[in-house]
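One structure is given here, and the rest of the page talks about it.
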Amino acid sequence: MAQGPKQHMRLTTYTDYSLRVLIFVGLKGDSLSTISEISERYSISRNHLMKVVNQLSQDGYLKTIRGKNGGMLLARAPDTIGLGDVVRDMEDNLDIVECFDKKKGCCQIDGYCQLQGILGEAIVAFFEVLDRYTLKDLMHNRLDLQRALSLT
């Protein structure tokens, strides 16, 4: 018996912030973005954003420029930044049920239950959808997004 929209899988806030940072920086194009600016526009803690930006930079999504007039730019074109890749890189654990994590032990019905296989198939389908889209797709309504973030 399926319930309505209550049922949902949730990505971490870290991944959410990562995607928001990439959208923001992508919308600014060749103009440098700063952590302070992103923090202000999204009302997100600077400390959280510093960690996110650091990882996005290490993973090759952002190019950071240090110094007084520093900031960040996309390290590559928005149409080459796959959403599935970003989510995979940012999420540290997609074990949506305990039996996915073999370190935590074993469920009494492990080996007999079909849940792990079915949920595994669902995760594969989730990433198949994400892999069809890029950062460019998230920015198709560029002007509306820029207005919403006071970038125009």
Side-chain angles (χ1 to χ4, degrees), residues 5-106 115-152:
K6 276 184 174 181
Q7 307 296 324
H8 64 278
M9 184 173 107
R10 188 175 176 102
L11 296 175
T12 62
T13 302
Y14 192 81
T15 300
D16 176 24
Y17 290 175
S18 298
L19 292 166
R20 289 200 230 177
V21 165
L22 291 173
I23 291 168
F24 189 95
V25 175
L27 289 170
K28 294 234 2 212
D30 292 333
S31 298
L32 291 174
S33 298
T34 66
I35 289 175
S36 294
E37 181 182 31
I38 296 169
S39 171
E40 238 176 66
R41 300 289 164 63
Y42 284 129
S43 298
I44 298 172
S45 152
R46 281 180 43 85
N47 288 338
H48 282 70
L49 286 177
M50 286 172 60
K51 294 173 191 170
V52 167
V53 166
N54 184 46
Q55 184 171 350
L56 287 170
S57 175
Q58 287 178 357
D59 290 346
Y61 298 107
L62 294 177
K63 176 175 134 185
T64 58
I65 299 150
R66 298 196 184 278
K68 183 180 177 188
N69 296 315
M72 67 194 95
L73 299 164
L74 291 179
R76 51 190 208 252
D79 63 343
T80 67
I81 298 175
L83 299 185
D85 293 334
V86 175
V87 171
R88 282 181 194 92
D89 288 343
M90 298 302 129
E91 285 292 320
D92 64 346
N93 184 351
L94 286 168
D95 295 342
I96 60 175
V97 289
E98 190 175 305
C99 62
F100 276 41
D101 184 355
K102 294 301 179 194
K103 293 178 188 169
K104 284 194 175 185
C106 184
L115 184 61
Q116 187 178 22
I118 292 167
L119 290 176
E121 185 179 338
I123 291 171
V124 168
F126 173 74
F127 279 108
E128 284 175 352
V129 171
L130 287 178
D131 288 338
R132 293 195 310 247
Y133 297 95
T134 67
L135 179 59
K136 182 179 178 181
D137 296 312
L138 292 181
M139 299 187 314
H140 81 278
N141 55 339
R142 184 178 205 88
L143 292 175
D144 293 331
L145 289 166
Q146 287 173 326
R147 273 193 291 275
L149 291 167
S150 303
L151 295 177
T152 55

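These numbers come from a predicted model, not from an experiment.
Nearest heavy-atom pair, M72 versus T64, reported as atom, atom and distance to 0.1 Å: CB-CG2, 4.2 Å. Minimum interatomic distance between D137 and Y133 (heavy atoms only, all atoms of both residues): OD2-CA, 3.2 Å. Contact detail for T80 and A77: the closest heavy-atom pair is OG1-O, 2.7 Å. R46 and S36 get closest at one heavy-atom pair: NH1-OG, 2.6 Å. Residues R76 and Y61 share a closest heavy-atom pair of NH2-CE2, 3.4 Å. Taking every heavy atom of both residues into account, E128 and R132 meet most closely at O-CG, 3.4 Å.
Without hydrogens or angle criteria, D89 side chain to V86 main chain gives no donor-acceptor distance under 3.5 Å. In this structure, Y42 contributes its side chain and R20 its backbone to a donor-acceptor pair below 3.5 Å. Judged by distance alone, with hydrogens and angles left aside, the side-chain atoms of E91 form no donor-acceptor pair with the main-chain N or O of L11 at under 3.5 Å. One N or O on the side chain of S39 and one on the backbone of I44 form a donor-acceptor pair closer than 3.5 Å.
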For side chain to side chain contact (heavy atoms under 4.5 Å, CB included), just list the numbers for F24 and V21, CA-CA rounded to whole Å, side-chain angles, deciding distance to a tenth of an Å, and then say yes or no.
CA-CA 5 Å; F24 189 95; V21 165; 5.7 Å; no
Derivation of the side chain to side chain contact (heavy atoms under 4.5 Å, CB included) call for M50 and N54
CA-CA 6 Å; M50 286 172 60; N54 184 46; over 6 Å; no
Side chain to side chain contact (heavy atoms under 4.5 Å, CB included) between L62 and L74, intermediate numbers included
CA-CA 5 Å; L62 294 177; L74 291 179; 4.1 Å; yes
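At a threshold of 4.0 Å, the pair R88-D59 does not count as salt-bridged, since none of the basic side-chain nitrogens sits closer than that to a carboxylate oxygen.
No side-chain donor from either of Y14 and D92 sits under 3.5 Å from a side-chain acceptor of the other. Looking only at atom types and distance, the side chain of S150 has no donor-acceptor partner in the side chain of R41 under 3.5 Å away.
In this structure the side chain of M90 reaches within 4.5 angstrom of the side chain of L56, judged on heavy atoms. Side chains of I35 and I38 form no contact here, defined as non-hydrogen atoms less than 4.5 Å apart.
Legend: residues meeting side-chain contact (heavy atoms from CB on, under 4.5 Å) with L32, ordered by chain and number and at least two apart, are I65, L73.
Rounding to the nearest 0.5 Å places CD of Q55 at 7.0 Å from CD of Q58. Rounding to the nearest 0.5 Å gives a distance of 7.0 Å between CG of L135 and CG of L83. L151 contributes atom CG, which lies 6.5 Å from atom NZ of K28 (distance to the nearest 0.5 angstrom). Atom CZ of R142 is separated from atom CG of L27 by 5.5 Å, given to the nearest 0.5 angstrom. In this structure, OG1 on T134 lies 11.5 Å from CG on L22, to the nearest 0.5 angstrom. Here L49 contributes atom CG and E37 contributes atom CD; the two are 11.5 Å apart, rounded to the nearest 0.5 Å.
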